[in-house]
Amino acid sequence: MNLGLGIFFATVAAIASDSMWYELGRRKGVRVLQLLCRISLEPDSCVRRTQVSFGKNGPRVLLVAKFVPGLNAMAAPLAGIIRMGWRRFLLFDVCGALLWVSTFSVTGFIFSGELEHVLDNAAYMGKWLFFLLIAGFGSYIGWKFYNRQRFLGKLKIARITPEELKDKIDSGEDIIIVDLRHALDFEAQPETIPGALHMDAADFEEASEVIPRDREIVLFCACPNEVTAARLALLLRNKGITKIRPLAEGYEGWRSRGFPMSRLVEPNDVPAVQA
């Protein structure tokens, strides 16, 4: 095979795929990421890791995204969700795809002789190699599934439903609602639950000493299984803040029911939390 043509066609294919996911992200929003997370081995953290990478590095993430499992699947649709300019996306994606394809293609070209020896040995082992590969892959999936179930088991905590929260808001109850979504989520969906204030999960945990103990606190996020909100609620309960619950189904659960939305409330707008 001609090395140059191989690199060219593989790069074009990668760019075509990324462009499709970029457009889906731009049109469908966070629902695309939630769909991808359903088939991920670590659905609770895949979106957050990608958001953090984009927050720190911007479009430069696309240069290395294809080398990082998980980030590879999330980078292109997230670029569309945050409305990254098409030309900017295409520039960095082309460079990233070309780097990724060239790295493996040139490596295979240089070490083609050694690869032939590997294939000869693999053919000699025959079906035993196939069974070893299947067993190894099955063990990896099983270990990931076990760790995930154990992690979710630790996060079993009573949740408040969107209907219950709306009833409390309508009745004028004095509750604190905290939006834990990542900053990139706001770029895609800037509205939030009425009266909610936005804080990073780490900042809210560090403020545990000044969080009121006599008011009910509701946390919500946009991640699968409400894992960020549930994890933080569990940590704060261990610190003595017992009137705290995550919102079942998170942001999308509230929004999908057509409940009222409002502008974001900054932490400084809520003196009671600072007291």
Side-chain angles (χ1 to χ4, degrees), residues 30 33-34 37 42-49 51-52 55 148 151-257 259-275:
V30 295
L33 294 183
Q34 292 171 347
C37 277
E42 297 176 318
D44 310 309
S45 57
C46 58
V47 173
R48 197 73 175 186
R49 286 200 305 265
Q51 290 173 329
V52 170
R148 169 169 162 69
F151 174 67
L152 292 178
K154 293 179 181 179
L155 298 182
K156 285 184 179 178
I157 184 173
R159 285 157 165 76
I160 182 172
T161 66
E163 289 79 9
E164 290 173 330
L165 177 58
K166 186 176 184 300
D167 289 341
K168 288 179 179 292
I169 294 175
D170 292 342
S171 63
E173 286 193 33
D174 189 15
I175 59 176
I176 298 173
I177 306 173
V178 183
D179 190 335
L180 300 172
R181 290 181 296 155
H182 191 274
L184 293 177
D185 289 319
F186 288 103
E187 293 188 27
Q189 296 174 318
E191 292 186 318
T192 188
I193 296 175
L197 62 106
H198 174 242
M199 289 188 72
D200 183 83
D203 293 336
F204 193 72
E205 182 182 354
E206 291 177 0
S208 60
E209 297 301 323
V210 297
I211 295 175
R213 264 64 171 174
D214 60 341
R215 296 168 63 185
E216 185 172 6
I217 302 171
V218 176
L219 309 177
F220 71 91
C221 58
C223 45
N225 299 310
E226 308 89 53
V227 67
T228 299
R231 179 182 57 80
L232 185 56
L234 186 61
L235 288 173
L236 293 179
R237 279 193 176 189
N238 292 334
K239 293 184 178 182
I241 303 174
T242 57
K243 295 183 177 181
I244 185 168
R245 288 190 288 173
L247 176 64
E249 301 179 51
Y251 176 82
E252 285 300 319
W254 178 275
R255 184 171 175 270
S256 64
R257 285 166 171 79
F259 290 161
M261 308 293 289
S262 69
R263 74 174 183 88
L264 176 67
V265 177
E266 297 296 338
N268 291 336
D269 297 334
V270 188
V273 179
Q274 306 295 328

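These figures come from a predicted structure and were not determined experimentally.
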For this session: Evaluate the side chain to side chain contact (heavy atoms under 4.5 Å, CB included) criterion for residues M199 and E206: first the C-alpha distance (whole Å), next the side-chain angles of each, then the deciding distance (0.1 Å), finally the verdict.
Result: CA-CA 11 Å; M199 289 188 72; E206 291 177 0; over 6 Å; no

Residues 168-178 side chain polar contacts: donor-acceptor under 3.5 Å, at least two apart:
unit_1: K168; atom_1: NZ; unit_2: E173; atom_2: OE1; d: 3.4
unit_1: K168; atom_1: NZ; unit_2: E216; atom_2: OE1; d: 3.2
unit_1: D170; atom_1: OD2; unit_2: K166; atom_2: NZ; d: 2.8
unit_1: S171; atom_1: OG; unit_2: D167; atom_2: O; d: 3.0
unit_1: S171; atom_1: OG; unit_2: K168; atom_2: O; d: 3.0
unit_1: D174; atom_1: OD1; unit_2: R215; atom_2: NE; d: 3.3
unit_1: D174; atom_1: OD1; unit_2: R215; atom_2: NH2; d: 2.9
unit_1: D174; atom_1: OD2; unit_2: R215; atom_2: NE; d: 3.3

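- Using a 4.5 Å heavy-atom threshold, the side chains of R237 and I241 count as separate.
- Considering every non-hydrogen atom in both T192 and A196, the closest pair reads OG1-CB, 3.7 Å.
- Across G195 and S262, no two heavy atoms sit closer than the pair N-OG, 3.9 Å.
- For the atom pair CG (L180) and OG1 (T228), the distance works out to 7.0 Å, reported to the nearest 0.5 Å.
- Looking at heavy atoms from C-beta onward, W254 lies in side-chain contact with P194 at the 4.5 angstrom threshold.
- R257 contributes atom CZ, which lies 11.0 Å from atom CD of E252 (distance to the nearest 0.5 angstrom).
- To the nearest 0.5 Å, atom CG of residue L219 and atom CZ of residue R231 are 10.5 Å apart.
- Taking 4.0 Å as the cut-off between side-chain N and carboxylate O, E249 and R159 do not count as a salt-bridged pair.
- For the pair R255 and E191, the minimum side-chain heavy-atom distance is 4.5 Å or more.
- Between L165 and F220 there is no side-chain heavy-atom pair separated by less than 4.5 Å.
- Minimum interatomic distance between A229 and C221 (heavy atoms only, all atoms of both residues): N-SG, 3.7 Å.
- Here the CG atom belonging to L236 is positioned 4.5 Å from the CD1 atom belonging to I244, to the nearest 0.5 angstrom.
- A cation-pi arrangement is present between R181 and Y251 under the rule of less than 6.0 angstrom and at most 45 degrees off the ring axis.
- The shortest heavy-atom contact between I193 and M261 is N-CE, 4.5 Å.
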